[in-house]
Amino acid sequence: MKKTLVVFVVGFLLTAPVGTAAAAPPSSSVKDHEPTVVTQGLGGPLHLSVGPGRAVTVSEEFAGRLTRVSDETSRTVYSAPEWDVAGSDAQGSTTYFVESQGAGPDDPRPLAGSLKSIDAKGTVRTVTDQLGAFETANNPDGNVAYGVPATAPAECLAQLGSLGVPASYTGETDSHPYAVAVSGNTAYVADAGGNDLLAVNLTTGSIRKVAVLPGASVPVTSEIAAALGAPACAGQTYTFEPVPTDVAIGPDGWLYVSSLPGGPEDASLGANGSILRVNPWTGAAQRWVDGLVSPTGIAFDGRGNLFVASLFGPGIYRVPAGTATPSLFLDVAQPADVAVSGNTLYATTEALGNGALIAVRLEP
């Protein structure tokens, strides 16, 4: 992710709030949904998926392992503490997952990312270990402009630069494979560092770009500019890099991607997270739901409703089928990801502390 900018702006604005935080969406029968704790004591459960069968696979990302929860028992099915073991998805009896090591232009290690699978016998296979190499060779967003426009006043560019905030730049070589969704013989991988969505052939391991995702453009008000210490930037628009955090295949066959802005992940500069809708055949991307705080996990139920985990927001949103309007479905702390199996919604909560897996019964 965009660590330098995130750390600086979040740290600065949390100590000098600028009053731009967005209000939470209206509640929608939140008190009617009583979650059940399935298990707790998880280390950084930033991702989960359902399967094989009714089992739930949780990525304990801080521990570098996949944990499978079934019938109130938990067991480790994969462990690589030196790697960032991220999102997973099941197809039949096989679970596919992504992992990476060495992310970002400031990391001296070469970019390394893999898509792997675990079958019913526990055999691990590497589908491809070239996700980082693909970014290094292609840098798909290398010609995309971020920050303030290059035509912004020189004083603005200088003030941002002196603060360590990237002022006007194009996409850097960066890779952090973070989430995966499998359909047929294709795995769609959301790269939170590369700002893009990739497709991997499960037979050959070949990789192709599906789409470079659009960033979030945030107006720099006088209040924000003054709080940052960059008054010359008032009136400019800052385009943050997109940070895709999850990908799901919608009822219409399109790809839906949750995206953080590559800046403050809370509401310090407003609710700038979004759900993007991507045509898997043409790569055309469009904004579908805006105004979300830190959307980090998404899942559709069988009726076409979309559920969104808001890690630093008010809880779990629900976007009713046929609409693009979120409302608060469940008030829980630090939900990182969601998944649906039948009439049950699973979610990981307290993801940055004593992580838990919860279950919520949905309306039939």
K.L.:
Return yes if a side-chain donor-acceptor contact under 3.5 Å exists between T203 and N185, otherwise no.
P.N.:
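Looking only at side-chain atoms, N185 and T203 do form a donor-acceptor pair, the distance falling under 3.5 Å.
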K.L.:
Where is the tightest heavy-atom contact between P149 and L157, given as atom of each residue plus distance?
P.N.:
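Smallest heavy-atom distance, with atoms named: O-CD2, 4.2 Å.
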K.L.:
Taking the side chain as every heavy atom from C-beta outward, state whether R75 and V77 have any atom pair closer than 4.5 Å.
P.N.:
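In contact.
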K.L.:
Apply ring-ring contact (aromatic ring centres under 6.0 Å, His included) to residues Y78 and F97 and explain how you reach the verdict.
P.N.:
CA-CA 10 Å; Y78 179 79; F97 66 97; 4.7 Å; yes
K.L.:
Are F329 and F307 an aromatic pair, judged by ring center distance below 6.0 Å?
P.N.:
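For F307 and F329, the ring centres are under 6.0 Å apart.
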K.L.:
Measure across A86 and L66 and return the closest heavy-atom pair with its distance rounded to 0.1 Å.
P.N.:
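It is O-CD2, 4.2 Å.
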K.L.:
Answer whether the closest heavy-atom distance between the side chains of L228 and V165 falls below 4.5 Å.
P.N.:
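No. Closest side-chain heavy atoms not under 4.5 Å.
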K.L.:
Do you know which two heavy atoms are closest between G147 and Y238, and how far apart they sit?
P.N.:
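Of all heavy-atom pairs spanning G147 and Y238, the closest is CA-CZ, 3.5 Å.
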K.L.:
Using the side chain to side chain donor-acceptor pair (under 3.5 Å) rule, take H176 and D191 through it: C-alpha gap first, then chi angles, then the decisive distance, then the call.
P.N.:
CA-CA 5 Å; H176 186 185; D191 191 324; over 6 Å; no
K.L.:
Rounded at 0.5 Å granularity, tell me how far CG in N305 sits from CZ in R318.
P.N.:
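Here the interatomic distance stands at 4.0 Å.
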K.L.:
Backbone N or O of V85 within a donor-acceptor pair of the E99 side chain at under 3.5 Å?
P.N.:
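No.
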K.L.:
Please list all pairs passing the side chain to side chain donor-acceptor pair (under 3.5 Å) test where one or both residues lie in residues 40-58, with sequence neighbours left out.
P.N.:
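Qualifying pairs: H47-E61, S49-S88, T57-R68.
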K.L.:
V148, Y169: one ILVMFWY side-chain cluster at the under-4.5 Å cut-off?
P.N.:
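Both belong to a single hydrophobic cluster.
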K.L.:
Would V218 end up clustered with L163 when hydrophobic side chains under 4.5 Å apart are linked, directly or stepwise?
P.N.:
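Both belong to a single hydrophobic cluster.
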K.L.:
So, taking the atom named CG in L292 and the one named CG in N272, what distance separates them when rounded to the nearest 0.5 Å?
P.N.:
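Nearest 0.5 Å value for the CG-CG distance: 10.0 Å.
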K.L.:
Is it the case that the side chain of D84 and the backbone of Q101 share a donor-acceptor pair, with hydrogens and angles ignored and the cut-off at 3.5 Å?
P.N.:
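It does not hold such a pair.
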K.L.:
Determine the sole option in I316, V289, L306 for which the side-chain contact (heavy atoms from CB on, under 4.5 Å) test with P326 is passed.
P.N.:
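Of all the options given, the one that passes is V289.
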K.L.:
Are L48 and V38 in one and the same hydrophobic cluster, where Ile, Leu, Val, Met, Phe, Trp and Tyr link if side-chain heavy atoms are under 4.5 Å apart?
P.N.:
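Yes: a chain of side-chain contacts under 4.5 Å links L48 to V38.
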K.L.:
Decide whether Y146 and D141 meet the rule of one side-chain donor and one side-chain acceptor closer than 3.5 Å.
P.N.:
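Judged by distance alone, the side chains do pair up.
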K.L.:
Could you tell me the separation between the CG atom of L46 and the OG atom of S59, rounded to the nearest 0.5 Å?
P.N.:
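The distance works out to 6.5 Å.
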K.L.:
Check the surroundings of atom CG in D71: do more than 12 heavy atoms from other residues, nucleotides or ligands lie under 6.0 Å from it?
P.N.:
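Count not over threshold, so no.
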K.L.:
Measure from the side-chain N and O atoms of T123 to the backbone N and O of D119, and report whether any donor-acceptor pair falls under 3.5 Å.
P.N.:
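Here the side-chain-to-backbone pair does not exist.
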K.L.:
Report the distance from atom CZ of F240 to atom CG of N195, rounding to the nearest 0.5 Å.
P.N.:
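Interatomic distance, F240 CZ to N195 CG, rounded to 0.5 Å: 13.0 Å.
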K.L.:
Between W288 and V319, is the side chain to side chain contact (heavy atoms under 4.5 Å, CB included) condition met? List the steps.
P.N.:
CA-CA 11 Å; W288 184 52; V319 182; 4.1 Å; yes
K.L.:
Report yes if some heavy atom in the side chain of V58 is under 4.5 Å from a heavy atom in the side chain of L42; otherwise report no.
P.N.:
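With C-beta onward as the side chain, the pair touches.
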K.L.:
With clusters defined by side-chain heavy atoms of hydrophobic residues (ILVMFWY) lying less than 4.5 Å apart, directly or transitively, does V37 cluster with L330?
P.N.:
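They do share one cluster, since a chain of ILVMFWY contacts under 4.5 Å joins L330 to V37.
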K.L.:
Can a side-chain donor-acceptor contact be found between S274 and R287 if the only test is distance below 3.5 angstrom?
P.N.:
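Checked: R287/S274 side chains pair up, N/O donor to acceptor below 3.5 Å.
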K.L.:
Tell me if a side-chain donor or acceptor on N139 pairs with a main-chain N or O of E135 at a distance below 3.5 Å.
P.N.:
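Pair absent, no side-chain N/O of N139 close to backbone of E135.
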K.L.:
If we ignore angles and hydrogens, is there a donor and acceptor under 3.5 Å between the side chains of S206 and T204?
P.N.:
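Present: a donor and an acceptor within the cut-off.
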K.L.:
Do S310 and S294 touch side chain to side chain, with heavy atoms closer than 4.5 Å?
P.N.:
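A side-chain contact exists here, since the closest heavy-atom pair is under 4.5 Å.
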K.L.:
Is there side-chain contact between V278 and V257, with at least one heavy-atom pair below 4.5 Å?
P.N.:
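Yes, their side chains come closer than 4.5 Å.
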K.L.:
What's the shortest heavy-atom distance between G297 and D337, and which atoms?
P.N.:
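Looks like CA-OD1, 3.2 Å.
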K.L.:
Among L131, V210, T128, whose side-chain contact (heavy atoms from CB on, under 4.5 Å) with L198 holds?
P.N.:
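Exactly one option meets the side-chain contact (heavy atoms from CB on, under 4.5 Å) with L198, and it is L131.
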K.L.:
Quick one: does V182's side chain get under 4.5 Å of T186's, heavy atoms only?
P.N.:
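Contact flag for V182/T186 side chains = no.
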K.L.:
Is the backbone of A351 close enough, under 3.5 Å, to the side chain of T348 for a donor and an acceptor to pair up by distance?
P.N.:
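No: the side chain of T348 does not pair with the backbone of A351.
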K.L.:
Would you say the side chain of L115 lies within less than 4.5 Å of the side chain of L202, judging by non-hydrogen atoms?
P.N.:
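The answer is yes, as the side chains (C-beta and beyond) meet within the 4.5 Å cut-off.
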K.L.:
Tell me if a side-chain donor or acceptor on N138 pairs with a main-chain N or O of P140 at a distance below 3.5 Å.
P.N.:
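Not at all, since once roles are kept as given, no pair shorter than 3.5 Å links the two residues.
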K.L.:
Could you give me the CA-CA distance, side-chain angles and deciding distance for W254 and N279, then say whether side chain to side chain contact (heavy atoms under 4.5 Å, CB included) is met?
P.N.:
CA-CA 5 Å; W254 283 49; N279 185 318; 3.5 Å; yes
K.L.:
For the residue pair A336 and T296, what are the closest heavy atoms and their distance?
P.N.:
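Taking A336 first and T296 second, the nearest heavy atoms are O-OG1, 2.8 Å.
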K.L.:
Mark yes when over 12 heavy atoms from residues, nucleotides or ligands other than R208 sit less than 6.0 Å from its CZ; otherwise mark no.
P.N.:
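Above 12, so yes.
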K.L.:
So, the side chain of Q334 versus the backbone of F312: is there a donor-acceptor pair under 3.5 Å, distance only?
P.N.:
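Not a single qualifying donor-acceptor pair exists.
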K.L.:
Taking atom CG of L311 and atom CG of L352, what is their separation to the nearest 0.5 Å?
P.N.:
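Those atoms lie 5.0 Å apart.
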K.L.:
Can you hop from I358 to Y346 via hydrophobic side chains spaced under 4.5 Å?
P.N.:
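Per the 4.5 Å side-chain linkage, I358 and Y346 are not co-clustered.
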K.L.:
Measure the spacing between OG of S217 and CD of Q236 and express it to the nearest 0.5 Å.
P.N.:
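CD of Q236 is found 12.0 Å from OG of S217.
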K.L.:
Taking all non-hydrogen atoms of both residues, which atom of V50 and which atom of G53 are closest, and how far apart?
P.N.:
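Taking V50 first and G53 second, the nearest heavy atoms are CG1-O, 3.8 Å.
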K.L.:
Please tell me if the side chains of K116 and Y96 come closer than 4.5 Å, counting only heavy atoms from C-beta onward.
P.N.:
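No, side chains not in contact.
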K.L.:
Can you tell me if CD on E82 sees more than 12 non-hydrogen neighbours from other groups inside 6.0 Å?
P.N.:
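Counting neighbours around CD of E82, more than 12 heavy atoms of other residues, nucleotides or ligands fall under 6.0 Å, so yes.
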K.L.:
Checking side-chain polar atoms at under 3.5 Å, does S114 have a donor or acceptor matched by the opposite partner on T126?
P.N.:
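No.
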